[in-house]
Structure formats: C-alpha cells, structure tokens
Colleague: 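Mind looking over this structure? Questions follow.
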Amino acid sequence: MSSNITYQYIKTNPDIHTYIKNADAAVAAQGYTEHSFAHVEKVALTVEMILKELNFPERQIELGMIAAYLHDIGNVINRVDHAQSGAVMAFRLLDNLNMPAEEICTIISAIGNHDENTAQPLNAVAAALIIADKTDVRRSRVRNASSTSYDIHDRVNYAVESSSLYFTNDKKSLVLELKLDTEISSVMEYFEIFMNRMLLCRRSAEYFGLEFQMKVNDSYVM
C-alpha cells in the first residue's frame, strides 16, 4: 500500500518549512554549519541519484527523498539525539497525513539512523541517506564570516572548493571527490573531523554491495 504523499508536497508543506527553518536556527545558535534548505535539498537529490542509479522502485526513491528532506528537523529540540527526536517528529507529521505505516517505518528508521554516533544502514533508504548526508561537505555551509575565528570544523568545510559524489562506470564503487585547498586545511585535518563519517559511508555503501572511495586533489585516499 502506498500513499499520494509526494516529495513535492512535503517540500511545500508550511509546517515542515517552519520546522526546518527553526531547526537550522537552533544549530546556528550553537555555531554549527548550515543545516537548512540548501542542505536537505542537496541530500534529497543525492539520495535520488544513488537509488535511481541502483534501479530502486520510484516509490522507494520518493520515500528516500522525503526522509532526506525531514532528516534534521529534530535539531529544533536539541542537537543531542536529533536523529531520534526527528524520527518521532516525522512519525507524527506523516501519520497525520495518513501515510501508510509501512512507508512511515521506512522513513523514520532512516531518519533515526543517520547520525554517526548511532547510525546503522538498516535499509536502502537509510543507507542512501547516510551517504548523502555525510558527503555534503562544502564551503557554502560555513556561517562564520571571519576566517580568523574559524574552528577546525569551519576551516575544513571552508577548505573544500568543490565536491562531487558519483558512481564509477562499472557501478561497483561510489566515489566522493574533493578539491581541497591545503593552505586552509590539510587532508589529515579533514580525516580528523570526518573519519567516522567516511567509515559510516563505507558501511552504507557495503549495504548495496558497493565500495566507497574517496579522492582528494586527484589522489585516492580511501
């Protein structure tokens, strides 16, 4: 059983818009990078790319995009355990929209398992969401206007001049390719911040029978 709740409907729902806006304001107040519409829409498009390339059914792709759009709303409560609180919030929102229980389960299990401290690639949507979320590293996510006061998270994100995630031609590997300004941050600093996330991406890629690779400044580092 499926419903007529679409990604486009979720994107235009004013209540969901309010939750995302306020969740991002909450993490901004704590000095975290951007977690607003630019982030969740990019994550949704990456989830779509991964699941489409792997020939998943259209409805499952749609559920993945919905999960991606909603995945950070728990930050409006607290950054701590935001994946779990976000899953509970998403359950209430989607249940009130009369989405079938099976579809809700897919979405909330993915949301509840996207944070690196507790994440597990339980299903295809969860695995795709983890990869899409953890590979969204880019300069435009840095809020701090003064480079002299960057912490290591700001510096590493700001050092990323470009990033792309793509399948190899044989579709046996997913590659995260970064162009990193090493005068701003070293490759070692990147791994100091993001090693757990990259290992989680590897586990999530393995769910699909894929290898996860990372290429920095034209050299494979993972």
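Reckoned from all heavy atoms, side chains included, excluding hydrogens, waters and symmetry mates.
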Colleague: Donor-acceptor pair, T18 side chain versus P14 backbone, under 3.5 Å?
Modeller: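 Checking the backbone N and O of P14 against the side chain of T18, a donor-acceptor pair under 3.5 Å is found.
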
Colleague: Is S185 reaching over with its side chain to a backbone N or O of D181, donor-acceptor style, under 3.5 angstrom?
Modeller: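 Judged by distance alone, no pair lies under 3.5 Å.
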
Colleague: Hey, are T168 and D170 close enough side-chain-wise for a donor-acceptor pair under 3.5 Å?
Modeller: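 D170 vs T168: donor-acceptor pair found between side chains.
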
Colleague: Taking atom types as modelled, is there a side-chain donor on N113 or T118 under 3.5 Å from an acceptor on the other?
Modeller: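 T118 and N113 do not have a side-chain donor-acceptor pair below 3.5 Å.
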
Colleague: Identify the heavy atoms of I107 and M99 that sit nearest to each other, and give their distance.
Modeller: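 The answer is CD1-SD, 3.7 Å.
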
Colleague: So does E183 have more than 12 non-hydrogen atoms from other groups sitting under 6.0 Å from CD?
Modeller: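 Atom CD in E183 is not packed in, count stays at 12 or less.
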
Colleague: Charged N to carboxylate O under 4.0 angstrom, K134 versus D136?
Modeller: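 Here K134 does not pair with D136 in a salt bridge, since their nearest N and O are not under 4.0 Å apart.
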
Colleague: From D133 CG over to D115 CG, what is the distance, rounded to the nearest 0.5 angstrom?
Modeller: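 If I round to the nearest 0.5 Å, the distance is 8.5 Å.
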
Colleague: Looking at D95, L94, V88, L93, which hits side-chain contact (heavy atoms from CB on, under 4.5 Å) with F91?
Modeller: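 Looking at D95, L94, V88, L93, the match for F91 under the side-chain contact (heavy atoms from CB on, under 4.5 Å) is D95.
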
Colleague: Say whether, by atom type as modelled, one donor and one acceptor occur between the side chain of R202 and the main chain of Q213 under 3.5 angstrom.
Modeller: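 The answer is no, because no donor-acceptor pair under 3.5 Å joins these two groups.
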
Colleague: Check K42 with E34, please: is the shortest side-chain N to carboxylate O separation under 4.0 Å?
Modeller: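 The answer is no: the pair does not qualify as a salt bridge.
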
Colleague: Is the backbone of L180 close enough, under 3.5 Å, to the side chain of N217 for a donor and an acceptor to pair up by distance?
Modeller: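 At least one qualifying donor-acceptor pair exists.
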
Colleague: In terms of heavy-atom contacts, does CZ of R92 have more than 12 from other residues, nucleotides or ligands at under 6.0 Å?
Modeller: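 No, CZ of R92 has 12 or fewer neighbouring heavy atoms, counting only those of other groups under 6.0 Å.
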
Colleague: When you measure from the side chain of K171 to the backbone of E53, do you find a donor-acceptor pair of N or O atoms at a distance under 3.5 Å?
Modeller: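 A pair under 3.5 Å: yes.
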
Colleague: Can you give me the closest heavy-atom contact between I73 and A23, atom names plus distance?
Modeller: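 For I73 versus A23, the nearest heavy atoms are O-CB, 3.8 Å.
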
Colleague: For the side chain of S186 and the backbone of E189, is there at least one donor-acceptor N/O pair under 3.5 Å apart?
Modeller: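 Indeed, once roles are kept as given, a pair shorter than 3.5 Å links the two residues.
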
Colleague: What about M89 and L63, same hydrophobic cluster or not, with Ile/Leu/Val/Met/Phe/Trp/Tyr joined at side-chain heavy-atom distances under 4.5 Å?
Modeller: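 Per the 4.5 Å side-chain linkage, M89 and L63 are co-clustered.
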
Colleague: Would you call the rings of F56 and F208 parallel, tilted or perpendicular, where under 30° means parallel and over 60° means perpendicular?
Modeller: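 Taking F208 first and then F56, their aromatic rings stand perpendicular (interplane angle over 60°).
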
Colleague: Rounded to the nearest 0.5 Å, what separation is found between the CD1 atom of I66 and the OH atom of Y9?
Modeller: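 Rounded to the nearest 0.5 Å, the CD1-OH separation comes out at 11.0 Å.
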
Colleague: Parallel, tilted or perpendicular: which one describes the rings of F194 and Y190, with boundaries at 30° and 60°?
Modeller: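 The arrangement is tilted - the two ring planes meet at 30° to 60°.
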
Colleague: For N169, does the CG atom sit with more than 12 other heavy atoms under 6.0 Å from it, leaving out its own atoms?
Modeller: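 No.
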
Colleague: Looking only at the aromatic ring of each residue, does the gap between the centers of H82 and H114 stay below 6.0 angstrom?
Modeller: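 That pair passes the under 6.0 Å test.
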
Colleague: Please give the remaining members of the hydrophobic cluster of Y166, linking ILVMFWY side chains under 4.5 Å, ordered by chain and number.
Modeller: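 Noted: Y166 shares its cluster with V175, Y220.
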
Colleague: Where do D24 and R143 land on the salt bridge (Lys or Arg N to Asp or Glu O under 4.0 Å) test, with the steps shown first?
Modeller: CA-CA 11 Å; D24 182 57; R143 304 179 197 265; 2.4 Å; yes

Colleague: Between H17 and F37, is the gap from one ring center to the other below 6.0 Å?
Modeller: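 Ring centroids of H17 and F37 are less than 6.0 Å from each other.
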
Colleague: Work out which heavy atom in A67 is nearest to a heavy atom in L129; give both atom names and the distance.
Modeller: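 Smallest interatomic distance, heavy atoms only, reads O-CD2, 4.3 Å.
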
